[in-house]
Number of protein chains: 2
Amino acid sequence: MQISSRFTIAIHVLTCIDTFQDEYKVTSDFLAGSVSVNPVVIRRLLQQLKAAGIVKVTRGSGGAEIAKPLSEITMFDVYKAVDSVGHGDLFHFHENPNKECPVGRNIHNVLDDKLNQIQNAMENTMKSITIQEIVEETKCYIQNES
Amino acid sequence: MQISSRFTIAIHVLTCIDTFQDEYKVTSDFLAGSVSVNPVVIRRLLQQLKAAGIVKVTRGSGGAEIAKPLSEITMFDVYKAVDSVGHGDLFHFHENPNKECPVGRNIHNVLDDKLNQIQNAMENTMKSITIQEIVEETKCYIQNES
DNA sequence: AGCGATGTAACAATTGACATTACAACAAGG
DNA sequence: CCTTGTTGTAATGTCAATTGTTACATCGCT
């Protein structure tokens, strides 16, 4: 299975908030319009980002803003915040290898190490990319349109 | 969502085939016993591994064997063979960002590049680990048991 | 108080993984 | 050549997660 689209939606949302915060009141309806999903999906997402300290959402009057400098938010932070994969681990290990079998009772020890290597390679790359980069590149694309 | 357990099962299966090929006839029932899943799950998996040229399966008389040297099979080969993630891509991009929105119509271009970087980091690590390493380490563990 | 938002529960629809049953196709031994 | 053990594969069921949607209580501001 693929990593939940919550991840790409979250990055889209953060980019929108930063890009439009001076021009518009950035509500869940506004964001839902840009992403093309139901506003409730956005609200749920914003709750997760808020819990991770990435955004602030103001009830009542409405609108979302980003809680800390974009350069301090990495793709990994977002990935974790929106719970992109279940249970924290990228790989799903089959639960009950047969303990009567020599391979069955040892495969977990051997594989865990390798799977962690792979997962770390991925997560480290995520940590090296900030949302700031993404926002800036997006602004470049937008300017080049005109 | 996590990567399908087919991936870890496949590696378990390859390790079993190599470990037990001289002692037993390695049938889908035998493998199913070690992994603790239904034999049909193993057969489907073996079909995928066979299509990728990783194993040979003999009908009728039964039994599976590995088709090429273990040192030439990487975790990435297995990952691809069993179709661990759908559609080839690790990330699920939300389909219809709003083209009326400057961010909506450009986010795909910006993000695709970053997502590929991440995916490549993961896949390259997979390519650097061979099944031979895994089999050998497993044998070490088994010997240290006695 | 009323308006415009958010927060969240409830529920349906869809999808994919995995388990299981059933049976046809096949290879080899007696 | 026919029985036996096995593979190949279709059909079906179950379960969990994602996503969409409706509904409404709650809240902040004017």
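Proteins come first, then strands; the chains are lettered A, B, ... in the order of their sequence lines, and each starts at number 1. Nothing here was measured: the structure is a model prediction, and the numbers come from that model.
- To the nearest 0.5 angstrom, E133(B) atom CD is 8.0 Å from E136(B) atom CD.
- In this structure, I3(B) atom CD1 and dA17(D) atom P are separated by 17 Å, rounded to whole Å.
- Comparing H92(B) and K50(B) by the nucleotide of DNA chain D whose heavy atom lies nearest to each, the residue mapping closer to the 5' end is K50(B).
- Summarising the local packing, NZ of K127(A) is surrounded by more than 12 heavy atoms from other residues, nucleotides or ligands at distances under 6.0 Å.
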Are any protein N/O atoms closer than 3.5 Å to N/O atoms in nucleotides 11-16 of chain D? If there are, list each pair with its distance.
none

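- Between the CE atom in M122(B) and the CG atom in L90(A) there is a gap of 5.5 Å [rounded to 0.5 Å].
- Listed here is the closest heavy atom pair of V55(A) and L14(A): CG1-CD2, 3.6 Å.
- Nearest heavy-atom pair across T125(A) and A121(B) is OG1-CB, 3.0 Å.
- In this entry the distance linking CZ of R43(B) with C1' of dC18(C) reads 15 Å, nearest Å.
- The environment of K56(A) atom NZ is sparse: at most 12 non-hydrogen atoms of other residues, nucleotides or ligands sit within 6.0 angstrom.
- Taking atom CD of residue Q2(B) and atom P of nucleotide dA17(D), one finds them 9 Å apart after rounding to whole Å.
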Tabulated below should be each protein N or O lying under 3.5 Å from an N or O of nucleotides 24-30 of chain C; please produce it.
from	atom 1	to	atom 2	distance (Å)
dA25(C)	O4'	R59(B)	NH2	3.1

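- Residues of residues 6-38 of chain B having a heavy atom closer than 4.0 Å to DNA chain C, listed by number: R6(B), V37(B), N38(B).
- Here the P atom of nucleotide dA17(C) and the CZ atom of F91(A) are 16 Å apart, to the nearest Å.
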Could you go through the side-chain contact (heavy atoms from CB on, under 4.5 Å) check for K114(B) and I11(A) one step at a time?
CA-CA 11 Å; K114(B) 311 297 183 191; I11(A) 292 169; over 6 Å; no
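- Straight-line distance from the CG atom of L45(B) to the C1' atom of dT7(D): 14 Å, rounded to whole Å.
- The structure places CD of Q119(A) at 10.5 Å from CG of N124(A), a figure rounded to the nearest 0.5 Å.
- In this model, a donor atom of one side chain and an acceptor atom of the other lie less than 3.5 Å apart for H94(B) and T8(A).
- In terms of modelled atom types and a separation under 3.5 Å, the side chain of Q21(A) and the main chain of V26(A) share no donor-acceptor contact.
- The side chain of Q47(A) places no N or O atom within less than 4.0 Å of a non-bridging phosphate oxygen (OP1 or OP2) of dT6(C).
- I42(B) has its CD1 atom 12 Å from the C1' atom of dC18(C), to the nearest Å.
- To the nearest 0.5 angstrom, F7(B) atom CZ is 6.5 Å from L115(A) atom CG.
- Here dT7(D) presents its C1' atom at 10 Å from CG of L46(B), a figure rounded to the nearest Å.
- Within the 4.0 Å cut-off from OP1 or OP2 of dA5(C), not a single side-chain nitrogen or oxygen of T58(A) is found.
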